[in-house]
Number of protein chains: 2
Amino acid sequence: MSPSNPSQIRKTPRQRRSAETVEAILTAAAHILEKEGFEAATTNRVALKAGVSIGSLYQYFPNKESLVRALNDRHTREVLELLQRRFAEVRLAPLEEAVRAIVQAMVDVHRVNPGLHRVLVNIVPGIGGLTETKALEDAAAGLLSQFLKARKTELRPLKPDLSAFMLVHAVEALTHAAVLERPELLKGDLFVDEASRMILGYLLGGPEERRSRQNK
Amino acid sequence: MSPSNPSQIRKTPRQRRSAETVEAILTAAAHILEKEGFEAATTNRVALKAGVSIGSLYQYFPNKESLVRALNDRHTREVLELLQRRFAEVRLAPLEEAVRAIVQAMVDVHRVNPGLHRVLVNIVPGIGGLTETKALEDAAAGLLSQFLKARKTELRPLKPDLSAFMLVHAVEALTHAAVLERPELLKGDLFVDEASRMILGYLLGGPEERRSRQNK
DNA sequence: AAAGAATGTGAGCTTTTACTCACATCTGCC
DNA sequence: GGCAGATGTGAGTAAAAGCTCACATTCTTT
């Protein structure tokens with residue numbers, strides 16, 4: 001509504017019919033983006049696939065960019081909510097178990113819509129002045145940083161913010177790569193094992209550093 | 001020349017003049033891609049910025065895609081050559097030193113043209129059926145896998161190919177993230193320290209695994 | 001039931017983009 | 001100097017994309 005809100009929906013749906021239209025558009029856009037990439041996701045094709053007219057699309061999304069942003073916002077919200085929930089769940093769990101749970105959460109999130117997620121991560125920053133994906137990374141890093149602070153007696157001395165930055169990016173990239181290039185890795189526990197090992201190795205430090213603490 | 005060579009240059013420059021034209025086009029394309037992204041890099045704009053006519057551009061590149069590919073091929077080649085050199089140099093160095101050198105090499109490579117590198121990595125796969133970037137990752141993983149096999153007495157038991165896959169993606173992502181979001185990290189040794197620590201923690205394993213080997 | 005609001009339609013306008021082609025200019029060679 | 005091939009030019013074309021708008025249909029409310 002407000003003029004300084006370019007990423008927002010143009011008209012808020014008031015009837016169920018229109019809510020379904022918006023949903024159909026978003027779903028169609030997600031499918032095309034996932035399967036054929038950004039270039040192929042023309043507004044006309046999205047409308048066609050959604051089974052609505054191009055006019056309807058523009059009734060709710062002022063431009064193509066806002067469509068991609070809406071998708072990204074929704075996705076970002078989902079990921080963040082899952083991560084928050086998972087972090088809360090493992091607050092009291094043993095370190096190793098907690099780390100595994102978080103890694104598993106990342107994998108779960110990315111397995112839902114791997115292609116879409118990748119497109120969003122890659123394309124959106126170049127398109128709109130995207131702050132959302134960056135915001136997600138920052139939020140995830142914040143959660144992790146809190147986690148590290150709470151566990152500091154179990155870990156080697158480290159700078160929580162820096163370590164959170166390193167881990168967020170490492171785990172995100174590993175998950176992306178695994179989902180897209182080695183999906184078979186995700187069948188068993190192999191990937192989660194390896195990623196968790198990397199994280200724990202980083203957080204616990206070498207033998208000397210471990211010896212100077214009592215815990216596990 | 002051959003019809004089944006869509007990513008190649010259309011006409012091989014025979015005079016210095018034309019070689020300079022090609023160079024100007026590639027440079028201009030790199031600049032626009034780096035600073036404004038793929039969408040902004042229209043062929044007309046590239047030609048304009050290169051100071052040549054659009055006709056000249058199409059004399060050497062049959063289409064826009066081939067331009068991006070040429071850029072990518074060149075970049076890929078440079079990265080791979082540096083990595084090969086660096087791996088060879090550290091073949092006999094102590095493990096920790098070797099790891100640091102490799103990480104440093106990754107950082108060096110990415111600091112040259114960070115934005116361009118990211119655009120190439122992200123955009124190109126979606127555009128052309130890009131095999132080059134994937135090939136680079138595979139080649140890097142191959143080098144690393146060799147490295148791990150050669151060092152196996154120093155490391156915990158691991159599957160070289162899997163570990164190489166994990167490390168290549170983790171280090172690449174960390175380097176990207178650092179270059180693009182935290183360039184100040186790269187001033188000192190902080191980033192290389194942290195990344196190396198992550199790698200070593202992963203390769204050496206926990207205290208039990210280390211104890212069962214004599215080395216370091 | 002009837003009006004007004006909300007929603008839906010799609011032909012087509014406007015702009016942009018990749019790309020061509022007929023022609024001009026340069027360079028090396030005899 | 002002059003010829004031939006290499007190189008350079010840029011107005012123009014065709015296709016495609018984003019987006020609008022005048023109008024049709026459906027829903028809500030009284």
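Chain A is the first sequence line, chain B the second, and so forth, proteins listed ahead of strands; every chain is numbered from 1. Keep in mind that the numbers below use all heavy atoms, side chains included, and drop hydrogens, waters and symmetry copies.
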Taking distance alone, no hydrogens or angles, what donor-acceptor pairs closer than 3.5 Å link side-chain atoms of residues 168-176 of chain B to residues at least two apart or in another chain?
| from | atom 1 | to | atom 2 | distance (Å) |
| --- | --- | --- | --- | --- |
| B/Thr175 | OG1 | B/Val171 | O | 2.7 |
| B/His176 | NE2 | B/His110 | NE2 | 3.3 |
| B/His176 | NE2 | B/His117 | ND1 | 2.8 |

### Message
Checking A/Ser145 now: which residues fulfil side-chain hydrogen bond (donor to acceptor under 3.5 Å, both in side chains) with it, not counting sequence neighbours?
### Response
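Only A/Asp161 meet the side-chain hydrogen bond (donor to acceptor under 3.5 Å, both in side chains) criterion with A/Ser145.
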### Side-chain N,O (A/Thr21) to OP1/OP2 (C/dG8) below 4.0 Å
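Checking A/Thr21 against C/dG8: at least one side-chain N or O falls below 4.0 Å of OP1 or OP2.
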### Message
On the nucleotide D/dT7, are OP1 or OP2 found under 4.0 Å from the side-chain N or O atoms that B/Ser18 carries?
### Response
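Checking D/dT7 against B/Ser18, a side-chain N or O does come within under 4.0 Å of OP1 or OP2.
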### A/Lys159 atom NZ, over 12 foreign heavy atoms within 6.0 Å
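No, the 6.0 Å shell around NZ holds no more than 12 heavy atoms from other groups.
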Whole angstrom value for the distance that separates [atom2] of [N] from [atom1] of [X]:
X	N	atom1	atom2	result
A/Leu67	D/dC19	CG	P	10 Å
B/Glu20	D/dG8	CD	C1'	14 Å
B/Phe38	C/dT17	CZ	P	12 Å
A/Leu48	C/dA11	CG	P	12 Å
B/Glu36	C/dT17	CD	C1'	16 Å

### Task
Quickly, which of A/Leu200, A/Val90, A/Leu167 forms a side chain to side chain contact (heavy atoms under 4.5 Å, CB included) with A/Val99? Name it, please.
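Result for side chain to side chain contact (heavy atoms under 4.5 Å, CB included) with A/Val99: A/Leu200.
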Please list, one pair per line, the donor and acceptor atoms closer than 3.5 Å that link side chains of residues 177-195 of chain B to other protein atoms, with sequence neighbours excluded.
| from | atom 1 | to | atom 2 | distance (Å) |
| --- | --- | --- | --- | --- |
| B/Asp193 | OD1 | B/Arg100 | NH1 | 2.4 |
| B/Asp193 | OD1 | B/Arg100 | NH2 | 3.4 |
| B/Glu194 | OE1 | A/Tyr202 | OH | 2.3 |

Distance-only criterion, 3.5 Å: show the donor-acceptor pairs between side-chain atoms of residues 41-54 of chain B and protein atoms not counting sequence neighbours.
| from | atom 1 | to | atom 2 | distance (Å) |
| --- | --- | --- | --- | --- |
| B/Thr42 | OG1 | B/Arg45 | N | 3.1 |
| B/Thr43 | OG1 | B/Tyr58 | OH | 3.3 |
| B/Arg45 | NH1 | B/Glu36 | OE1 | 3.1 |
| B/Arg45 | NH2 | B/Glu36 | OE2 | 2.9 |
| B/Ser53 | OG | B/Gly55 | N | 3.2 |
| B/Ser53 | OG | B/Ser56 | N | 3.2 |

Pairs under 3.5 Å (N/O, protein and nucleotides 9-18 of chain D):
| from | atom 1 | to | atom 2 | distance (Å) |
| --- | --- | --- | --- | --- |
| D/dT9 | OP2 | B/Ser53 | N | 3.0 |
| D/dT9 | OP2 | B/Ser56 | OG | 3.4 |
| D/dG10 | N7 | B/Gly55 | N | 3.4 |
| D/dG18 | OP1 | A/Lys64 | NZ | 2.9 |
| D/dG18 | OP2 | A/Thr43 | N | 2.9 |
| D/dG18 | OP2 | A/Thr43 | OG1 | 3.2 |
| D/dG18 | N7 | A/Asn44 | ND2 | 3.4 |

### A/Ala98 versus A/Arg151, closest heavy-atom pair with distance
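Where A/Ala98 meets A/Arg151 most closely, the heavy atoms are CB-NH2, 3.8 Å.
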### Query
When you check every protein heavy atom under 4.0 Å of nucleotides 22-30 of chain D, what one-letter string (B, S, -) results, 5' to 3'?
----BSS--
